[in-house]
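Below: one structure, written as structure tokens.
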Amino acid sequence: MSKKPKKYRQNDNSRPIFEREMTLESLQSMGNPLEILKDLLDFELFRPLLEPVFEKADRKSNAGRKPIDPVLMFKVMFLQRLYGLGDHQIEYQIKDRTSFREFLDIVTVDDVPDEKTVWKYKEMLSQDGTFDRLQFNMNLAANRFQYGGRRLAIAIDPSYVSKAGKKTAHVGRFWSGCASAVKHGLEILGVGLIDADLKDCIMLRAVQTLNSPELKAGEMTLNQWYISVIKRYSAQLLKITGTLVADAAFSVKSFVDELLPTGFNLVSRLRNDAVLYYLYQGERKVGPGRPKTLDGKIDFSNLDTGRMTQVDIGVEGERAYELVARSKALKRNIKLVIHILKDGSHRLYFSTDTAMRGIDVFDIYRTRFQIEFCYRDGHQFTGLRDCQARDEKRLDFAFNASFAAVNVIKVMRKEFKLDFSIGQIKSLMVSVLSFLKNNGSQYERPTGE
């Protein structure tokens, strides 16, 4: 190889004794995002969830080479999801990037797992049923939210995912809200945790929805399938909160009647033309006949505000009132919040818990939309739609890994009070790492040489 002309600066090809320390110090001074993430999140918290998956139950002795630390492999998979890297590329990038090796606590490139090992561990995690993805995200939510001190609710929301082919598990025709049409693909039911005070959501679990032929074979309706998912995780979810919030599509009697026995109360929205009645509060007459329970239909163009309590929603030009009313469609009493907009139109929010405060009903339902941002961030930044697998377990792993990466970035943003969107944070991390890759040599040399 020809040498550079002497008029240009010559690189120092000698390797200093303290090269690693100098490199790490240089990365730290530049604001290494992976170092911030490493200090923020203790991945050792997930060891009890990971070891049962990766440990070989049939290992007869401790002879031979020791297995790779499961926490290390989990962090490798996290980097893959965060940066959109394949198995071959993640091996290369770990060997090439000092910041990656420092994040993984790897000193030499000899300790870097090869691409086959990465693939093997991903297969073990996706195929094994013992890893509790719900508990993993609940641990992240415990950092983002403070249980017991805030207004929390479980949010559910189904979302269409584009997927071609005929052999993919549960592929069928599902409703796409973006296209306002039924389309061929997949649907996942997202189960998230929202905080009405912080106006944020942490996605706890994503479950694929059965297609129409599968539901018909199981003699189930779509709402019954959603209820079965809620029942599956209710024991863990009820430890957080007994309130579940969903959009107006779930405010039907069949869903409410099956939800309440699970221990959850529903917060949702009614049609603007819903038939609702005032409850009779007068003196009970003694005599034959059924006691009077209702006292007239609610006329939204002429509200009897004397029977209601005004709710301070903090929006100029808008009003809200709360009362306990009777729903004809749901055939039960509900806590109703009537929201009057600036143009005179109204919206109806409700809770099956008649003791819930009107402001809580209003704020929890309005915060429900935060779960949509989890889908958006997963689509745009963590590869929610990128998995090419057709197997159910592999798809389940890919969907939940995408949401877990979004959750980790949210925790990072909260801990370091970063006033950036998830897209901006990811762009910053990619830019810093690309800069270090392309210009790293000038920062890895000792100063003054």
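Just so it is clear, the model here is predicted, and its values are computed rather than measured.
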Is the centre of the Phe403 ring less than 6.0 Å from the centre of the Tyr375 ring?
-> yes
Could you tell me whether Asp69 and Arg47 make a salt bridge, using a distance below 4.0 angstrom between a side-chain N and a carboxylate O?
-> yes
Those residues that, when tested against Tyr321, pass ring-ring contact (aromatic ring centres under 6.0 Å, His included) (two or more places apart) | none
Phe255: partners by ring-ring contact (aromatic ring centres under 6.0 Å, His included), with sequence neighbours left out | Phe250
Taking C-beta and beyond as the side chain, do Arg366 and Arg347 meet within less than 4.5 Å on heavy atoms?
-> yes
Backbone N/O of Ala248 and side chain of Arg269: donor-acceptor pair under 3.5 Å | no
Phe100 vs Leu85 side-chain heavy atoms within contact, under 4.5 Å | yes
Among Asn407, Asn400, Ile154, the one residue meeting side-chain contact (heavy atoms from CB on, under 4.5 Å) with Leu204 = Ile154
Taking the side chain as every heavy atom from C-beta outward, state whether Gln208 and Glu187 have any atom pair closer than 4.5 Å.
-> no
Give every donor-acceptor pair under 3.5 Å between a side-chain atom in residues 210-220 and any protein atom, sequence neighbours left out.
unit_1: Asn211; atom_1: OD1; unit_2: Glu214; atom_2: N; d: 3.0
unit_1: Asn211; atom_1: ND2; unit_2: Val171; atom_2: O; d: 2.8
unit_1: Glu214; atom_1: OE1; unit_2: His170; atom_2: ND1; d: 2.9
unit_1: Glu214; atom_1: OE1; unit_2: Asn211; atom_2: N; d: 3.0
unit_1: Glu214; atom_1: OE2; unit_2: His170; atom_2: ND1; d: 3.1

Full working for side chain to side chain contact (heavy atoms under 4.5 Å, CB included) between Phe300 and Ile340 = CA-CA 9 Å; Phe300 298 107; Ile340 310 298; over 6 Å; no
Under 3.5 Å donor-acceptor, Gln224 side chain and Thr221 backbone | yes
Any salt bridge between Asp195 and Arg151, counting N to O under 4.0 Å?
-> no
Any residue meeting side chain to side chain contact (heavy atoms under 4.5 Å, CB included) with Ala249, in chain and number order, not counting sequence neighbours | Asp247
Does Val267 reach the side chain of Leu244, with side-chain heavy atoms less than 4.5 Å apart?
-> no
Between the side chains of Asp110 and Thr108, does any donor sit under 3.5 Å from an acceptor?
-> no
Kindly write out the residues that satisfy salt bridge (Lys or Arg N to Asp or Glu O under 4.0 Å) with Lys95, not counting sequence neighbours, or none if the list is empty.
-> Glu91
Please list, chain by chain and in numerical order, all residues satisfying ring-ring contact (aromatic ring centres under 6.0 Å, His included) with Phe362, sequence neighbours excluded.
-> His339, Tyr349
Is there a side chain to side chain contact (heavy atoms under 4.5 Å, CB included) between Arg385 and Phe399 once you walk through the steps?
-> CA-CA 8 Å; Arg385 295 178 293 186; Phe399 294 145; over 6 Å; no
Decide whether a cation-pi geometry holds between Lys75 and Phe103; the criteria are a distance under 6.0 Å from NZ or CZ to the six-membered ring centre and an angle within 45° of the ring axis.
-> yes
Do Leu276 and Lys328 have side-chain heavy atoms sitting under 4.5 Å apart?
-> no
Determine yes or no for a side-chain-to-main-chain donor-acceptor pair under 3.5 angstrom, with Ser268 supplying the side chain and Ala246 the backbone.
-> yes
More than 12 heavy atoms of other groups within 6.0 Å of Lys199 NZ = yes
Pairwise distance OG(Ser251) to CG(Leu266) - rounded to 0.5 angstrom = 7.5 Å
Below 4.5 Å, heavy atoms only, C-beta onward: do Thr209 and Trp225 meet side chain to side chain?
-> yes
Strictly under 6.0 Å, is that where the ring centroids of Phe373 and Phe369 end up?
-> yes
Arg271: what forms a salt bridge (Lys or Arg N to Asp or Glu O under 4.0 Å) with it, not counting sequence neighbours?
-> Asp273
Residues two or more places apart in sequence or in another chain: which of them pass side chain to side chain donor-acceptor pair (under 3.5 Å) with Thr352?
-> Asn265
Would you say Thr367's side chain and Asp363's backbone share a donor-acceptor pair under 3.5 angstrom?
-> yes
Which pair of heavy atoms, one from Ile202 and one from Asn137, lies closest together, and at what distance?
-> CG2-O, 4.0 Å
Pairwise distance CH2(Trp175) to OG(Ser180) - rounded to 0.5 angstrom | 5.0 Å
Indicate yes or no: at least one non-hydrogen side-chain atom of Lys410 is less than 4.5 angstrom from one of Asp200.
-> yes
Could you tell me whether Arg368 sits above the aromatic face of Tyr365, with NZ or CZ closer than 6.0 angstrom to the six-membered ring centre and within 45 degrees of the axis?
-> yes
On a heavy-atom basis, the closest approach of Ala274 and Leu270 is CB-CB, 4.1 Å
In this structure, CZ of Arg376 is separated from CD of Gln370 (nearest 0.5 Å) by 8.5 Å
Which pair of heavy atoms, one from Val361 and one from Ser351, lies closest together, and at what distance?
-> CG2-CB, 3.8 Å
Which atom of Thr241 lies closest to which atom of Ala153, heavy atoms considered = CG2-CA, 3.8 Å
On a heavy-atom basis, the closest approach of Asp396 and Ala206 is OD1-O, 3.4 Å
Smallest heavy-atom separation, Gly358 atom then Val337 atom, equals O-CG2, 3.5 Å
Just jot down the side chain to side chain donor-acceptor pair (under 3.5 Å) partners of Glu322, sequence neighbours excluded, or say none.
-> Lys335
Less than 3.5 Å apart, which donor and acceptor atoms pair up between the side chains of residues 155-169 and the rest of the protein, not counting sequence neighbours?
unit_1: Tyr160; atom_1: OH; unit_2: His184; atom_2: O; d: 2.5
unit_1: Lys163; atom_1: NZ; unit_2: Cys387; atom_2: O; d: 2.8
unit_1: Lys163; atom_1: NZ; unit_2: Ala389; atom_2: O; d: 3.0

Would you please test Ile90 and Glu115 for side chain to side chain contact (heavy atoms under 4.5 Å, CB included) and show each step?
-> CA-CA 8 Å; Ile90 191 63; Glu115 61 178 296; over 6 Å; no
By salt bridge (Lys or Arg N to Asp or Glu O under 4.0 Å) - contacts of Asp87 (at least two apart) | Lys122
Answer yes or no: is there a donor N or O on one side and an acceptor on the other, between the side chain of Gln388 and the main chain of Asp386, under 3.5 Å?
-> yes
Atom pair CD/CG of Gln89 and Leu79 - distance to nearest 0.5 Å = 13.0 Å
Would a 4.5 Å heavy-atom cut-off, applied to side chains only, mark Arg101 and Asp111 as touching?
-> no
Exam field: side chain Thr354 to backbone Ile334, donor-acceptor pair closer than 3.5 Å = no
Atom CD of Glu318 and atom CG of Asp343: how far apart are they, to the nearest 0.5 Å?
-> 8.5 Å
Criterion side chain to side chain contact (heavy atoms under 4.5 Å, CB included) on Leu348 and His346, from CA distance to verdict | CA-CA 7 Å; Leu348 305 175; His346 65 275; 3.8 Å; yes
Salt bridge (Lys or Arg N to Asp or Glu O under 4.0 Å) partners of Lys253, counting only residues at least two apart = Asp257
